[in-house]
Amino acid sequence: MKIVYFAWVRERIGKPEEELTPPENVRTVADLAAWLASLGEEYAYAFENPTIVRAAIDRKHVKPETPIAGAREIAFFPPMTGG
Amino acid sequence: MKIVYFAWVRERIGKPEEELTPPENVRTVADLAAWLASLGEEYAYAFENPTIVRAAIDRKHVKPETPIAGAREIAFFPPMTGG
Amino acid sequence: MAQAPLTVRIQAEPFDVAAELAGIAAGRTDVGAVVSFTGLCRAEGGALAALELEHYPGMAEEEMRRVAAEAAERWPLQGLVAIHRHGKIAPGEPIVLVVTASAHRAAAFEAAEFLMDYLKTRAPFWKKEHRVDGSQGDWVEAKDVDDKAAERWAR
Amino acid sequence: MAQAPLTVRIQAEPFDVAAELAGIAAGRTDVGAVVSFTGLCRAEGGALAALELEHYPGMAEEEMRRVAAEAAERWPLQGLVAIHRHGKIAPGEPIVLVVTASAHRAAAFEAAEFLMDYLKTRAPFWKKEHRVDGSQGDWVEAKDVDDKAAERWAR
């Protein structure tokens with residue numbers, strides 16, 4: 001699945017997007033964030049405070065407990081500061 | 001003192017302003033309205049519902065119990081509908 | 001913040017919303033939020049030919065200034081414009097304009113709402129309807145909902 | 001009232017507040033109230049050279065449309081404009097514009113505030129500071145006060 005990053009999540013991980021295939025036991029958005037955090041220092045830094053990172057599946061806001069099954073694009077980003 | 005009228009108060013009384021000298025026992029705005037209402041049919045009509053008519057003394061909103069002593073210009077008008 | 005420039009005008013001519021909006025933050029870099037309210041004459045389903053706005057010339061501008069000064073005292077404003085027209089106004093034309101500028105949006109929104117609620121209930125203007133059938137219509141009646149809106153700012 | 005024309009745009013260029021304001025009630029005689037909100041880039045006491053607005057191109061417009069549609073469903077609007085810029089924005093320049101039109105002022109004011117509160121907390125935009133000393137500043141932090149402002153519309 002395609003994973004995209006924005007703002008300081010993108011800066012910390014060092015890339016705007018990537019194609020990844022998480023293991024089968026990664027079922028929810030929270031599972032995915034925890035698994036990403038295990039991929040290396042830069043990921044651990046991005047997700048060091050996992051409750052602050054927001055997520056969207058296929059361009060809609062989702063909660064940590066939302067299942068990721070069937071997702072084409074999952075985005076992780078900080079709380080929004082537009083407006 | 002100068003008394004001025006606006007909107008339907010003016011239309012009912014039939015003039016925009018007049019110079020009047022109320023008797024000495026007319027002390028408050030409410031007294032003045034009651035005295036005006038006694039001046040004729042057109043005045044009685046304008047003040048038929050005295051609680052709805054608003055007043056200003058020297059261009060400031062006042063309450064029925066406000067004394068009129070020293071006033072140069074007293075205005076009577078319906079509730080405002082600008083904006 | 002009573003130093004905020006307060007512009008209050010009463011006029012028969014239409015006003016230029018764009019110019020007032022552009023002017024309030026022109027040349028400044030400390031304004032974060034500009035709110036405008038424009039009140040327009042409605043045709044009321046086609047029955048209305050025009051509204052005639054009567055005002056108390058001696059008092060209307062004074063009262064608008066008092067309301068504007070109170071807004072500038074209650075919210076940290078960087079600018080405030082309040083313009084009210086009088087005379088005959090056709091459907092689709094603007095009647096009243098309020099513009100507020102502040103560093104943050106809550107102050108700009110609240111001050112604009114306060115100004116409109118107070119202008120509606122305190123500024124000495126009265127609307128009379130002129131109907132398309134040629135008859136002189138009624139004086140517009142004051143609404144309870146406007147009094148209630150104004151009461152929420154009581155302190 | 002979901003038939004109200006909803007204009008949602010994301011663009012790098014500045015927008016024309018006057019044109020959007022004029023357009024929303026043009027040729028109509030049923031609009032009684034037009035409210036606009038313009039959010040501008042502040043210089044923060046001179047320390048800020050620019051804000052850089054990053055956005056999620058695939059999602060930002062979709063989310064703004066969802067927010068606009070919800071406003072049109074909750075209030076009897078006759079028109080709604082929401083424009084958000086991205087890219088580098090200098091102090092004094094506009095970032096975001098919301099315009100609402102309705103028969104009555106309460107709906108126009110409330111819908112505009114709702115739109116801003118929801119755009120701030122739901123539209124995928126992030127602000128980064130560029131300082132006048134040439135250094136890249138921090139990402140602007142989300143504010144509790146914005147979350148609280150958005151929560152008041154929960155139903």
Using non-hydrogen atoms only, which part of C/Ala112 is less than 4.5 Å away from chain D: side chain, backbone, both, or neither?
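When you check distances to chain D, atoms from both the backbone and side chain of C/Ala112 fall under 4.5 Å.
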Examine whether an atom of C/Val31 lies under 4.5 Å from a heavy atom of chain D, and if so say whether it belongs to the side chain, the backbone or both; otherwise answer neither.
both
If you count heavy-atom pairs under 4.5 Å between each of D/Ala103, D/Ala149, D/Ala108 and chain C, which one has the most?
D/Ala103
Chain C: which of D/Asp117, D/Thr29, D/Asp30, D/Ile95 shares the most heavy-atom pairs with it under 4.5 Å?
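Highest number of heavy-atom pairs under 4.5 Å: D/Thr29.
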Above 12 or not: heavy atoms from other molecules or residues under 6.0 Å from CG of C/Asp133?
yes
With a 6.0 Å cut-off (strictly less than), is the heavy-atom count around CD of C/Glu141, excluding the residue itself, greater than 12?
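Result for CD/C/Glu141: open.
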D/Asp16, part contacting chain C, at a heavy-atom distance under 4.5 Å
neither
Under 4.5 Å from any heavy atom of chain C, what part of D/Arg28 do you find: side chain, backbone, both or neither?
backbone
Taking side chain as C-beta onward, heavy atoms only, is C/Arg105 less than 4.5 Å from D/Asp146?
yes
C/Phe37/D/Phe109 aromatic ring centres below 6.0 Å:
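Under 6.0 Å, so yes.
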Intermediate values then yes/no, side-chain contact (heavy atoms from CB on, under 4.5 Å), C/Glu110 and D/Glu113:
CA-CA 10 Å; C/Glu110 284 177 23; D/Glu113 291 193 65; 5.6 Å; no
For C/Leu40 and D/Ala25 the tightest heavy-atom approach is CD1-CB, 4.1 Å
I need the residue from C/Thr38, C/Val17, C/Val98 with the largest number of non-hydrogen atom pairs under 4.5 Å to chain D.
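When all of C/Thr38, C/Val17, C/Val98 are compared, C/Thr38 has the most.
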Using a cut-off of under 4.5 Å for heavy-atom pairs, which of C/Gly32, C/Pro91, C/Ala43 has the most such pairs with chain D?
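So the answer, after comparing C/Gly32, C/Pro91, C/Ala43, is C/Gly32.
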Only one of C/Val34, C/Val35, C/Leu21 clears side chain to side chain contact (heavy atoms under 4.5 Å, CB included) with D/Ser36; which?
C/Leu21
